[in-house]
Amino acid sequence: MMSFRHRGLRAVPPTRWSILMVTAVLAAVPGPGEAQQGTVTPHPVPAGEPALGLTFPPLVFRPPPVERREVHGVPIRYLHDPTFPVVDMVVSVRGGYGHLGREWYAAATALPTLLRTGGSTHRSPREVDEVLEALALQLTFGSGGGSISSSLNSLTRTLDEGLTIWQELLLSPGFDSQEVDIWRGQQEDRIRRRVDDPTLLAFTEFNRILYGDHSIGWELTLADIDASRLHPGTLQDLHERLFCRNRMAVGVSGDITWEEVEERLEPFLAAWPTCPDELPEPSPPEIRREAGVFLIPRDLPQTTVVMAHPTSVRLADDPRFFASRVANAILGAGGLSSRLMARLRGEEGLTYGASSLWTAPMRSDGLVGAITSTRSSSTVAATQLILQVMAEMVDTPPEAHEVDRVVDEFINGWVFNFESAAQMVSRQVSYLTSELPEDWLERYLIRLGDVTPQAVHDVFREEVRPEDMTILLVGSPENFDLPPETLGPVHIWTPISPHAPPVDPRHP
């Protein structure tokens, strides 16, 4: 389930799969004096004229299939790739703070980081770092989507040593007390500075306004990370609840045969305990559904504007879901060519950036809305223009070229979902723990291509209500172009104190 969290962006360098695809294209072109069987031979082109008559066979990209295996009842996804002497492995475990109570929030937030930095019961954090550096091993730990994942990248010749230390960190974490204190200090600094970052403050408080005391809207407080509540013992207890064989999936790719994989996974997975009990399913949020304008006064030259209301579109193999993806891209998630950017930035010069959002969880309602930042003297004008652009999409179907552009952009970028064997296997494993069909990406491509302008208009008309938006403004109201009451009755909102205990802001 998505909420207003910061997501990091990174440039993706070419990898072995993209190199292979380029090689395949070059190999499809016959050399001098060669005739490629099954191709159409063009008419001779007179010397000195452009070679416009050249024809080539269609390039069909068929990614290699990921094999489905099982060891000790654990689903395994495997893909052999001997291009380089490297092996990639990933483990995903279903579970997270959304399945547990607020008392586990800080520990669940800290767990991925401290699995990596906290050492093991056999090695100190420094000893772990030394082994990883000496063997050129790469380990990652992360969480998201209701699961915790970890990956290992190793040279084929050092895989056994890599598996040994990876298993130590996964199953026998040390949670070094000094590393726990370092993490606590980092979070304490972040909590205290949260009120100084207007964008982070806006996202944090908007989550609280809409979700109240639900895991989607939770933010750490100093009380959460106090040493009496967050310590190595807390982390060990949480680790025992989550890290068990029944909730995991494993992916393996690279320069290793299945027989070699199975030989190593047998003892690796046998060491994992079985789950003592089932995790409770996360409770669905009670999302605020009343329109309203909330103001956090801050002496700032710019205003951060966040607005949204609930939407019933769910992540599913449903035409409405795919139409909503196209609708969101046309409205504001499609970059400079989207309507919000064209109107607010290109035509009116009110902002450097504006974007829409349309979340679609699997088991609960999501949000549809928009985000921007504008100078104080254009706050109300920018907000009203966003609402106006939404109303126009409710009233009138999009142009066919807008839908074609969004679909073409996805289709043209689809091949980059297959840049490496590790990427393909990791995605399959994530689908397993998030309970999506394993051919979800392929379905997504096909269903997106079926979206029509009328389908986009229908889902927008059914789901988007500009007049029902909850709007949050973080800025200096005395410098606004018009009184904020122009947008509706205003509620002055008090951000959560770093020292406050967790409470539902809607039911104090």
Side-chain angles (χ1 to χ4, degrees), residues 8-17 19 78-93 107 109-144 147-187 189-190 232 235-236 239 243 248 250-257 260-261 263-265 267-269 271-272 419-423 425-426 429-430:
L9 301 177
R10 63 184 180 88
V12 181
T15 62
R16 49 184 177 272
W17 281 109
I19 292 171
Y78 164 73
L79 181 56
H80 185 225
D81 175 21
T83 311
F84 298 113
V86 172
V87 176
D88 289 282
M89 300 184 68
V90 60
V91 165
S92 184
V93 180
T109 303
L111 188 62
T113 299
L114 291 172
L115 283 171
R116 167 61 187 88
T117 64
S120 73
T121 56
H122 308 291
R123 309 177 207 244
S124 68
R126 180 176 179 177
E127 290 171 330
V128 169
D129 291 341
E130 289 173 349
V131 171
L132 297 182
E133 183 176 356
L135 298 177
L137 301 172
Q138 293 182 349
L139 292 180
T140 67
F141 293 84
S143 62
S147 64
I148 297 173
S149 62
S150 178
S151 68
L152 166 69
N153 174 273
S154 169
L155 295 172
T156 306
R157 62 180 174 82
T158 59
L159 178 61
D160 289 332
E161 296 94 329
L163 273 174
T164 297
I165 194 165
W166 194 35
Q167 183 174 26
E168 286 181 17
L169 296 179
L170 286 170
L171 293 183
S172 306
F175 297 127
D176 180 82
S177 58
Q178 184 175 354
E179 293 296 328
V180 175
D181 288 340
I182 290 173
W183 185 89
R184 182 185 294 110
Q186 293 170 341
Q187 295 305 308
D189 184 64
R190 177 182 177 275
L235 292 160
Q236 290 286 0
H239 176 268
F243 278 66
M248 69 183 297
V250 176
V252 184
S253 61
D255 183 27
I256 186 170
T257 66
E260 293 169 328
V261 171
E263 179 184 355
R264 287 160 174 79
L265 286 183
F268 179 80
L269 295 176
W272 286 66
E419 288 191 293
S420 70
Q423 182 188 32
V425 169
S426 179
V429 170
S430 70

Any non-hydrogen side-chain atom of [X] less than 4.5 Å from a side-chain atom of [Y]?
| X | Y | answer |
| --- | --- | --- |
| M248 | V91 | yes |
| D160 | R264 | yes |
| W183 | L235 | no |
| W166 | L132 | no |
| V180 | I182 | no |

Tell me if a side-chain donor or acceptor on E127 pairs with a main-chain N or O of S124 at a distance below 3.5 Å. yes
Of the non-hydrogen atoms in [X] and [Y], which two are nearest, and what is the gap between them?
| X | Y | result |
| --- | --- | --- |
| H80 | I256 | CD2-O, 3.2 Å |
| F141 | S150 | CE2-OG, 3.2 Å |
| G162 | L137 | CA-CD1, 3.6 Å |
| S253 | V425 | CB-CG2, 3.9 Å |
| Q167 | A271 | NE2-CB, 3.0 Å |
| P125 | E179 | CG-CG, 4.0 Å |

Do S172 and S120 have side-chain N/O donor and acceptor atoms under 3.5 Å apart? no
Straight-line distance of [X] [atom1] to [Y] [atom2], nearest 0.5 Å:
| X | Y | atom1 | atom2 | result |
| --- | --- | --- | --- | --- |
| R116 | T140 | CZ | OG1 | 10.0 Å |
| T121 | Q236 | OG1 | CD | 8.5 Å |
| I148 | S143 | CD1 | OG | 6.0 Å |
| T164 | L135 | OG1 | CG | 10.0 Å |

By the definition side-chain contact (heavy atoms from CB on, under 4.5 Å), identify the one residue from L265, V250, V261 that meets it with Y78. V261
Only one of L114, V128, L115, L152 passes side-chain contact (heavy atoms from CB on, under 4.5 Å) with L169, and that residue is V128
T156 vs F84, side chain to side chain contact (heavy atoms under 4.5 Å, CB included): CA-CA, chis, key distance, verdict: CA-CA 9 Å; T156 306; F84 298 113; over 6 Å; no
Step by step, would you call L170 with F268 a side chain to side chain contact (heavy atoms under 4.5 Å, CB included)? CA-CA 11 Å; L170 286 170; F268 179 80; 4.1 Å; yes
Whether over 12 other heavy atoms sit under 6.0 Å from E260 CD: yes
Fit a plane to each ring of H239 and F175, take the angle between them on a 0 to 90° scale, and name the class: parallel (under 30°), tilted (30 to 60°) or perpendicular (over 60°). perpendicular
Is the closest basic N to carboxylate O distance between D129 and R126 below 4.0 Å? no
From CA spacing to verdict: side chain to side chain contact (heavy atoms under 4.5 Å, CB included), L111, F243: CA-CA 11 Å; L111 188 62; F243 278 66; 3.9 Å; yes
Verdict with supporting geometry, D255 and V86, side chain to side chain contact (heavy atoms under 4.5 Å, CB included): CA-CA 6 Å; D255 183 27; V86 172; 6.0 Å; no
